[in-house]
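Chain A is the first sequence line, chain B the second, and so forth, proteins listed ahead of strands; every chain is numbered from 1.
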Protein chains: 2
Amino acid sequence: MSDLTRTFAALSDPTRLSLVETLIRRGELPAGDLVAEAAISAPAISRHLKVLREAGLVEQRAQGTHRFYAVRPEALRAIVDWTMDHRAFWSTSLDRLDTLLALDPGEGER
Amino acid sequence: MSDLTRTFAALSDPTRLSLVETLIRRGELPAGDLVAEAAISAPAISRHLKVLREAGLVEQRAQGTHRFYAVRPEALRAIVDWTMDHRAFWSTSLDRLDTLLALDPGEGER
DNA sequence: CGGTTAATTAACGCAAGTGTTAATTTATGG
DNA sequence: CCATAAATTAACACTTGCGTTAATTAACCG
């Protein structure tokens with residue numbers, strides 16, 4: 001299984017996609033906070049986090065008994081790179097991409 | 001399972017990702033051509049194509065005994081849309097995206 | 001019509017994924 | 001040191017996914 005298919009596999013589970021989106025939205029969080037938001041048990045979340053970690057989607061930082069998790073931007077870029085590799089195919093016109101870029105969420109830096 | 005997780009699930013298998021890339025590269029093809037390129041049996045490919053179809057990633061066109069398959073660009077856009085929704089997160093600077101856009105795949109690809 | 005080809009569906013076996021509860025590991029604090 | 005808390009690992013059950021070969025369906029052609 002390639003790195004990319006492993007990335008897709010990691011995001012193919014609703015619970016894991018949700019974990020990733022939560023970490024993106026709220027930033028680095030301890031496992032316990034993620035468990036609190038989930039509808040399933042702590043061990044189940046723990047193993048989902050392990051899958052995400054092994055796929056390179058999140059990284060773990062230990063502090064005391066806490067394990068802080070955060071999304072690794074590089075992993076998302078791998079997906080972006082793949083779609084961009086085939087942009088000529090899915091983007092018959094640039095309208096949609098132009099619209100998105102026009103939103104320019106990164107306005108500040110640059 | 002959301003549409004997006006179903007899309008990721010469809011691309012999480014190496015055989016299916018390969019099928020999609022072949023269809024993007026060579027355009028619409030009959031199932032037989034895809035079987036010829038694969039290392040596994042025709043029934044196996046047939047079912048992978050079914051998964052891709054049910055996920056909305058490919059569409060099927062019948063002509064005689066042949067079934068032509070092609071990738072649906074909208075499905076790839078769903079992925080692009082998701083990544084773009086979180087662009088502010090993974091794109092700390094716009095450099096990479098700028099680089100990709102500058103390649104202008106409209107003329108000559110890589 | 002009968003035979004051939006393209007493709008799918010059926011039936012089966014086995015590996016992998018996902019949930020639970022119980023047990024274990026590691027660090028904190030009285 | 002001992003009790004507690006955070007998190008993971010272990011053990012188990014159940015479902016899903018993926019491959020195979022055999023059987024079936026549908027269209028084409030002499």
### Query
In terms of the nearest nucleotide of DNA chain C, which residue is placed more toward the 5' end: A:Gly64 or A:Thr15?
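Result: A:Thr15.
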### Whichever of A:Thr65 and B:Arg67 has its nearest DNA chain C nucleotide further upstream toward 5'
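It is B:Arg67, whose closest nucleotide lies nearer the 5' terminus.
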Expressed in angstrom and rounded to an integer, what is the separation of [X] atom [atom1] from [N] atom [atom2]?
{"X": "B:Leu17", "N": "D:dG17", "atom1": "CG", "atom2": "P", "result": "18 Å"}
{"X": "B:Leu29", "N": "C:dA6", "atom1": "CG", "atom2": "P", "result": "15 Å"}
{"X": "B:Leu49", "N": "C:dA6", "atom1": "CG", "atom2": "P", "result": "16 Å"}
{"X": "A:Phe68", "N": "C:dT26", "atom1": "CZ", "atom2": "P", "result": "19 Å"}
{"X": "B:Arg61", "N": "D:dA27", "atom1": "CZ", "atom2": "P", "result": "15 Å"}
{"X": "A:Lys50", "N": "C:dA16", "atom1": "NZ", "atom2": "P", "result": "15 Å"}
{"X": "A:Ile45", "N": "D:dT9", "atom1": "CD1", "atom2": "C1'", "result": "16 Å"}
{"X": "A:Asp33", "N": "D:dA6", "atom1": "CG", "atom2": "C1'", "result": "11 Å"}

### Query
Using the ring of each side chain (for Trp, its six-membered ring), is B:Phe8 parallel, tilted or perpendicular to B:Trp82, with breaks at 30° and 60°?
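Rings of B:Phe8 and B:Trp82: perpendicular, over 60°.
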### Message
Ring-plane angle category for B:His66 and B:Phe68, please: parallel below 30°, perpendicular beyond 60°, tilted otherwise.
### Response
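Tilted.
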### Query
Do the side-chain N and O atoms of A:Ser18 and A:Thr15 include a donor-acceptor pair separated by under 3.5 angstrom?
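The criterion, which ignores hydrogens and geometry beyond distance, is not satisfied for A:Thr15 and A:Ser18.
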Is any side-chain nitrogen or oxygen of [X] closer than 4.0 Å to OP1 or OP2 of [N]?
{"X": "B:Ser46", "N": "C:dT8", "answer": "yes"}
{"X": "A:His66", "N": "C:dA27", "answer": "no"}
{"X": "B:Arg16", "N": "D:dG17", "answer": "no"}
{"X": "A:His48", "N": "C:dG19", "answer": "yes"}

Select base, sugar-phosphate, or nothing to describe what [X] touches, counting heavy atoms under 4.0 Å on all strands.
{"X": "A:Gln60", "value": "sugar-phosphate"}
{"X": "B:Ala31", "value": "sugar-phosphate"}
{"X": "A:Tyr69", "value": "sugar-phosphate"}

### Query
Is any side-chain N of the basic residue among A:Glu28 and A:Arg61 closer than 4.0 Å to the acidic one's carboxylate O?
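Between A:Arg61 and A:Glu28 there is a salt bridge, with a charged N closer than 4.0 Å to a carboxylate O.
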### Query
Taking 4.0 angstrom as the limit, do A:Glu37 and A:Arg26 come out as a salt bridge?
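A:Arg26 and A:Glu37: salt-bridged.
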### Task
Measure from the side chain of B:Pro43, starting at C-beta and using heavy atoms only, and say which of C:dT20, D:dT8, C:dA10 lies closest.
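Per side-chain heavy atoms of B:Pro43, the pick is C:dA10.
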### Query
Between the base of C:dG17 and the side chain of A:Arg47, is there any donor-acceptor pair under 3.5 Å?
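For A:Arg47, whose side chain was compared with the base of C:dG17, there is no donor-acceptor pair (under 3.5 Å).
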